[in-house]
Protein chains: 2
Amino acid sequence: MCGIARREENEMTLDGLSRAERQAQTRERLIDVARQQFLKHGYAATSLDKVAIEAGFSKGAVYSNFAGKEELCMAVLDEIHAEQTEAVVDAFSGPGSLEDKFKAFSTWAQTGLGNPRWTALEVEFAAVARHSPYVANALTERHRAIASAIADLIRTVTEREGVTLKQGPEDTAVVLLSMGIGLGALRSLDSQLDVTVFADAMRALL
Amino acid sequence: MCGIARREENEMTLDGLSRAERQAQTRERLIDVARQQFLKHGYAATSLDKVAIEAGFSKGAVYSNFAGKEELCMAVLDEIHAEQTEAVVDAFSGPGSLEDKFKAFSTWAQTGLGNPRWTALEVEFAAVARHSPYVANALTERHRAIASAIADLIRTVTEREGVTLKQGPEDTAVVLLSMGIGLGALRSLDSQLDVTVFADAMRALL
DNA sequence: GTCTATAAATCGATAGAC
DNA sequence: GTCTATCGATTTATAGAC
């Protein structure tokens with residue numbers, strides 16, 4: 001019934017944040033650091049202890065906010081997926097010719113779909129799915145959603161531009177996604193690989 | 001200077017194998033079992049102990065024949081690469097129309113290039129390359145050789161059939177390889193994915 | 001909710017006997 | 001060359017204090 005109790009009633013702490021906000025902040029900070037480390041060193045080589053320390057917390061904070069390593073990585077991937085999806089939709093939404101769109105898409109592919117770090121994490125994490133039903137279901141779900149979003153985008157653009165595809169939008173989406181993932185995997189090994197082949201191949205497919 | 005010594009002089013043991021042959025047999029058996037386990041459970045989830053026991057040896061035998069886990073996995077991948085290369089060259093070497101070739105290639109792609117197990121191992125192992133210079137160099141070398149072999153094949157076939165490509169043979173090879181790896185990675189998660197999109201995309205690219 | 005301390009298990013790699 | 005025994009280093013995950 002003193003100051004502390006009142007702050008709790010108001011759900012505010014000294015720095016003007018509610019407890020929920022404070023925890024959300026902790027969670028976001030952990031995801032940020034985890035994202036850096038997962039992308040830099042890969043899934044297996046990243047330890048929860050180092051993530052927590054680097055974020056300014058201890059391992060206990062990780063387990064207070066995530067069920068475990070797998071769930072933390074899924075949170076990281078969800079964040080990346082959201083950014084990627086938004087970026088590619090933006091690239092194709094604006095005005096301009098189809099050729100402009102290809103250029104924009106190509107630019108995005110450099111740091112997005114063909115990104116060695118991201119695709120490498122994605123496929124390494126897919127290996128975890130073999131002994132973890134949770135990861136298997138979660139990843140399948142996410143990848144289908146991504147393929148579906150790409151297919152929608154392809155449908156919209158082709159209809160607007162009056163282009164006919166050699167394959168259906170869904171199949172084309174799967175092919176593009178495959179190519180991006182594979183190219184990223186190859187680039188994670190061989191950084192000399194040129195990404196422009198990707199944009200060229202895409203023109204050929206449309 | 002008795003029976004045993006004579007056998008050693010003849011470099012033969014009781015079962016008619018020289019010591020070199022016997023060791024080669026041990027090595028092959030280890031690679032076979034390692035191949036099964038790496039493909040089934042992935043690189044990280046496979047322990048050298050289980051590989052050795054399953055092969056009828058103990059862990060010491062592994063270290064007598066391989067420098068460590070990485071070298072064992074490279075030996076496995078080299079074996080797979082050799083088989084894959086032979087298979088795809090065979091598919092395109094025989095007589096028949098270009099359409100027959102596509103059918104043969106498509107069939108091979110189902111168990112070969114788009115094979116979920118193999119590509120999953122390949123990309124998971126690529127993650128190891130980030131902290132192992134040995135793996136990084138070895139994998140880069142192998143992948144360049146594979147891309148080069150595919151490019152040669154494309155060159156041969158297109159010249160013979162009088163087809164002109166939209167991209168050069170080398171670029172087309174990289175795209176096909178990327179697509180196969182990515183498709184395999186996706187299929188390792190989502191077994192419902194259809195591989196025929198791969199053959200269709202290939203037609204579009206040629 | 002976060003921290004400290006610790007449990008618990010795994011696995012790669014090595015040393016020495018045979 | 002192979003086996004047995006063990007080291008050593010990690011790391012995930014949990015229990016209890018605050």
Side-chain angles (χ1 to χ4, degrees), chain A residues 4 7-8 11-15 17-31 33-34 37-38 41-74 124-125 127-128 131-132 134-135, chain B residues 4 7-8 11-15 17-31 33-34 37-38 41-76 124-125 127-128 131-132 134-135:
Chain A
I4 292 177
R7 279 202 295 276
E8 281 176 348
E11 288 183 354
M12 298 292 276
T13 62
L14 287 173
D15 36 354
L17 294 174
S18 71
R19 289 201 283 192
E21 285 171 335
R22 198 165 239 307
Q23 186 174 1
Q25 220 173 38
T26 301
R27 192 187 151 91
E28 266 314 303
R29 173 121 187 85
L30 284 172
I31 292 180
V33 174
Q37 306 226 6
F38 278 137
H41 305 114
Y43 180 76
T46 297
S47 78
L48 297 183
D49 197 45
K50 283 174 187 153
V51 168
I53 299 299
E54 174 77 22
F57 298 95
S58 78
K59 213 166 26 167
V62 176
Y63 283 95
S64 293
N65 287 279
F66 303 92
K69 192 180 187 180
E70 297 176 351
E71 282 76 5
L72 175 59
C73 191
M74 269 313 306
E124 186 193 355
F125 196 50
V128 177
H131 18 276
S132 165
Y134 161 75
V135 177
Chain B
I4 293 175
R7 278 203 295 274
E8 281 177 349
E11 288 184 351
M12 299 290 275
T13 62
L14 287 173
D15 36 355
L17 295 173
S18 74
R19 289 202 284 192
E21 286 170 335
R22 198 167 240 306
Q23 187 174 2
Q25 220 174 37
T26 300
R27 193 185 151 90
E28 269 312 304
R29 173 121 186 86
L30 285 172
I31 292 180
V33 173
Q37 308 226 6
F38 278 136
H41 306 113
Y43 180 76
T46 297
S47 78
L48 297 184
D49 198 46
K50 283 174 188 155
V51 168
I53 299 301
E54 174 77 22
F57 299 96
S58 78
K59 213 166 25 169
V62 175
Y63 283 95
S64 293
N65 287 279
F66 303 92
K69 192 179 186 180
E70 297 176 351
E71 282 77 4
L72 175 59
C73 191
M74 271 311 308
V76 167
E124 187 192 355
F125 196 51
V128 177
H131 14 276
S132 165
Y134 161 74
V135 177

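All chains are named by letter (A, B, ...) in the order of the sequence lines, taking the proteins before the strands, and each is independently numbered beginning at 1.
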In whole angstrom, give the distance that lies between atom NZ of A/Lys59 and atom C1' of D/dA15.
13 Å
Which whole-number value in Å describes the distance from B/Tyr63 OH to D/dA5 P?
18 Å
Touch class at under 4.0 angstrom, heavy-atom based, for A/Ser47 against every strand present:
sugar-phosphate
Heavy-atom closest contact (B/Glu70 atom, B/Val128 atom, distance):
OE2-CG1, 3.7 Å
Students should find that the nucleotides of DNA chain C closing off the region near chain B, any atom under 4.0 angstrom from a heavy atom, are C/dC11 to C/dT14
Listed by chain and number, what are the ring pair (Phe, Tyr, Trp, His ring centres under 6.0 Å) partners of B/Phe125, not counting sequence neighbours?
B/Tyr43
Identify which one of B/Ile31, B/Val33, B/Thr26 satisfies the side chain to side chain contact (heavy atoms under 4.5 Å, CB included) criterion when paired with B/Arg29.
B/Val33
Please give, in whole Å, the distance from D/dA9 P to B/Lys69 NZ?
19 Å
Can you tell me if A/Glu124 uses its side chain to pair, donor with acceptor, with the backbone of A/Ala44 under 3.5 Å?
yes
Less than 3.5 Å apart, which donor and acceptor atoms pair up between the side chains of residues 60-68 of chain A and the rest of the protein, not counting sequence neighbours?
unit_1: A/Ser64; atom_1: OG; unit_2: A/Gly60; atom_2: O; d: 3.1
unit_1: A/Asn65; atom_1: OD1; unit_2: A/Gln23; atom_2: NE2; d: 3.2
unit_1: A/Asn65; atom_1: ND2; unit_2: A/Ala61; atom_2: O; d: 2.8

Heavy-atom side-chain proximity of B/His41 to B/Gln37 below 4.5 angstrom:
yes
